[in-house]
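One structure is given below, encoded as structure tokens.
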Amino acid sequence: MISDSQLLRTENFWQGNWYGATQRFAVTNPATGERLAEVADATPAQAQQAVSAAAEAFVSWSSLSAAERSALLLRWHQLLLAHQDELALLLTLEQGKPLAEAKGEIVYGASYVQWFAEEAKRVYGDTIPATSADKRILVLKQPVGVVTAITPWNFPNAMIVRKAAAALAAGCTFVVKPAQQTPLSALALAELALQAGIPAGVFNVLASSDAQGIGAVFTQDPRVAKFSFTGSTAVGKTLLAQCAQGVKRVSMELGGNAPFIVFEDADLDAAVQGLMASKFRNAGQTCVCTNRVYVQASVAKAFSQKVQQAVTSLRLGNGCDSKVDLGPLIDDAACRKVEALVQDAVAAGANLICGGQRQSPDSLFYLPTVLSKVDDRMAVAQQEIFGPVLALQSFDTEDEVLARANATDYGLAAYFYSRDIGRIFRVAEGLQFGMVGVNEGIISNAAAPFGGVKQSGYGREGSKYGLDDYLDIKYLCLGGLG
Ligand SMILES: NC(=O)c1ccc[n+]([C@@H]2O[C@H](COP(=O)([O-])OP(=O)(O)OC[C@H]3O[C@@H](n4cnc5c(N)ncnc54)[C@H](O)[C@@H]3O)[C@@H](O)[C@H]2O)c1
Ligand SMILES: O=C[C@H](O)CS(=O)(=O)O
């Protein structure tokens with residue numbers, strides 16, 4: 001039972017303390033509709049208090065040595081792994097993904113904490129040959145200061161720690177508003193940060209139904225140095241504009257429209273396996289899910305038959321059932337969006353091979369769906385589906401499919417399968433995306449720079465580049481040394 005969980009927290013956390021609110025909002029299980037908890041509904045005034053706590057804590061936190069910050073992050077990492085099962089259960093109950101995926105998310109999120117605990121000790125500066133003998137040029141890297149963040153519901157643990165770990169490692173302090181649908185995972189992270197000994201005011205969490213009000217504080221409070229957002233491109237644009245007023249540092253991890261290209265020289269079985277992983281993870285609710293499938297005409301029929309066989313074997317149900325592959329969508333609005341995209345595609349001439357409706361009229365379970373004879377003019381090929389719908393198209397030539405794959409405002413992830421080394425380099429270099437999977441459908445990991453181009457945002461999370469988003473470069477010119 002969730003009420004037995006030691007990590008079930010329903011009050012907000014800042015300055016090392018838990019705070020209630022005059023209002024509360026309900027958190028429900030998308031698989032059952034069951035009310036899981038009533039969470040304190042943070043206000044903009046409380047967001048300002050949390051920013052004050054972060055600003056106060058920044059002085060001491062940034063003064064710690066990198067080794068001291070690293071040790072505290074590693075303790076947090078250990079606690080995340082020690083509580084993996086409990087964290088995963090909270091995550092599945094509030095978000096819906098199968099428990100196995102939720103456990104994977106906890107390990108994935110914790111890997112960023114471990115990664116940046118190590119990177120904290122590698123924030124290097126420079127000495128640069130001066131233009132005259134009486135001068136010395138030094139370059140320092142210093143933490144930007146207070147970081148605020150807003151994160152989505154689809155990875156309620158990993159999207160927070162992927163930011164917080166880098167921010168804290170750099171010496172910044174951090175205040176996050178999780179998605180209203182999934183606050184419990186975020187508040188559990190705060191509990192474990194507290195247990196890890198991370199000082200008061202360094203890591204702060206405010207759950208709220210007033211996203212706009214909290215967002216106004218996070219993007220416009222003059223004490224905030226940087227704002228980091230993960231979510232839809234539409235909301236990202238709004239928040240980016242709000243940050244412009246104070247010329248804040250910004251990272252944007254936004255929407256995607258990933259092409260998945262299967263060339264005739266591909267290993268078709270490997271391509272099917274990669275497509276299933278990329279398309280149906282989290283019931284298709286990830287920013288890097290395959291959104292468009294392009295199969296070279298000469299292998300289109302064989303590939304489509306293999307895909308249909310794989311999709312019809314998927315099991316849809318409550319994520320707490322270990323036999324389930326796909327959980328529910330997050331809410332009714334998400335279901336209605338997917339229904340509209342499928343109906344629009346069929347009306348425009350696509351073939352519905354399987355699925356195409358909810359498991360039952362009022363449920364949030366949407367059947368795994370395959371559409372064929374899709375074309376690029378359809379909304380299902382132009383919009384982020386964010387559901388378990390696989391849209392098949394065919395193509396003839398490499399140049400044609402590269403042009404079609406790039407014909408989108410998004411630029412997050414892309415995938416293709418080929419065993420021709422010349423083609424691999426031509427296509428990998430020609431795809432206008434931040435991340436490209438070559439003969440691989442799952443590409444996210446802490447060692448790699450995660451992020452997009454075009455309207456999928458900017459900044460990178462993870463990798464040796466991930467700290468740059470939280471550091472300022474300072475140039476020292478030492479004169480009079482002649
Ligand atoms: N690029 C990435 O790393 C990445 C990762 C996960 C999800 N996403 C994207 O996120 C989207 C799905 O998540 P979502 O539905 O939660 O996205 P969303 O943009 O609707 O919401 C994201 C967050 O923004 C908040 N928010 C919404 N409107 C706001 C406003 N006006 N002011 C302040 N905050 C506001 C929400 O409460 C939530 O916490 C998809 O587009 C997906 O591609 C991107
Ligand atoms: O939804 C977006 C996440 O970033 C997906 S991943 O787990 O990082 O690949």
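When a ligand or atom number is given, it counts from 1 through the structure's own listing order.
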**Asked** Considering only heavy atoms, does Glu461 approach ligand 1 within less than 4.0 Å through its side chain, its backbone, both, or neither?
**Response**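 No part of Glu461 is near ligand 1 at this cut-off.
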**Prompt:** How close does the nearest protein non-hydrogen atom get to atom 33 (C) of ligand 1, and which residue and atom is it?
**Reply:** Ala211 O, 3.2 Å
**Message:** I need the nearest protein heavy-atom contact for atom 2 (C) of ligand 2: residue, atom name and distance, please.
**Reply:**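 The closest one turns out to be Cys287 SG, 2.4 Å.
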**Request:** Verify the contact flag for atom 21 (O) of ligand 1, where contact means a protein heavy atom under 4.0 Å away.
**Result:**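 Protein heavy atoms within 4.0 Å of atom 21 (O) of ligand 1 - there are none.
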**Prompt:** Is there a heavy atom in Trp153 that sits closer than 4.0 Å to ligand 1?
**Reply:** yes
**Asked** Can you tell me if Phe386 has a non-hydrogen atom under 4.0 Å from ligand 1?
**Response** yes
**Asked** Hey, is ligand 1 close enough to Asn154 that some N/O pair sits below 3.5 Å?
**Response** no
**Request:** Pull out every atom of ligand 1 sitting under 4.0 Å from any heavy atom of Val235, numbered as shown with elements.
**Result:** 19 (O), 26 (N), 27 (C), 28 (N), 29 (C), 35 (C)
**Message:** I need the atoms of ligand 1 closer than 4.0 Å to a non-hydrogen atom of Ala179, numbered in the order shown.
**Reply:** 39 (O)
**Message:** I'd like to know if Arg358 and Glu339 make a salt bridge, using a cut-off of under 4.0 Å between side-chain N and carboxylate O.
**Reply:**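 Judged by the 4.0 Å cut-off on N to carboxylate O distance, Arg358 and Glu339 do form a salt bridge.
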**Request:** For a side-chain contact (heavy atoms from CB on, under 4.5 Å) with Glu253, tell me which candidate from Arg460, Glu461, Met159 qualifies.
**Result:** Glu461
**Request:** Could you check which of Glu384, Arg162, Gln181 puts a non-hydrogen atom nearest to atom 43 (O) of ligand 1?
**Result:** Glu384
**Message:** Out of Thr151, Leu412, Thr230, who is nearest to atom 38 (C) of ligand 1 when you count heavy atoms only?
**Reply:** Thr151
**Asked** Considering distance alone, does some N or O of Met159 sit under 3.5 Å from an N or O of ligand 2?
**Response** no
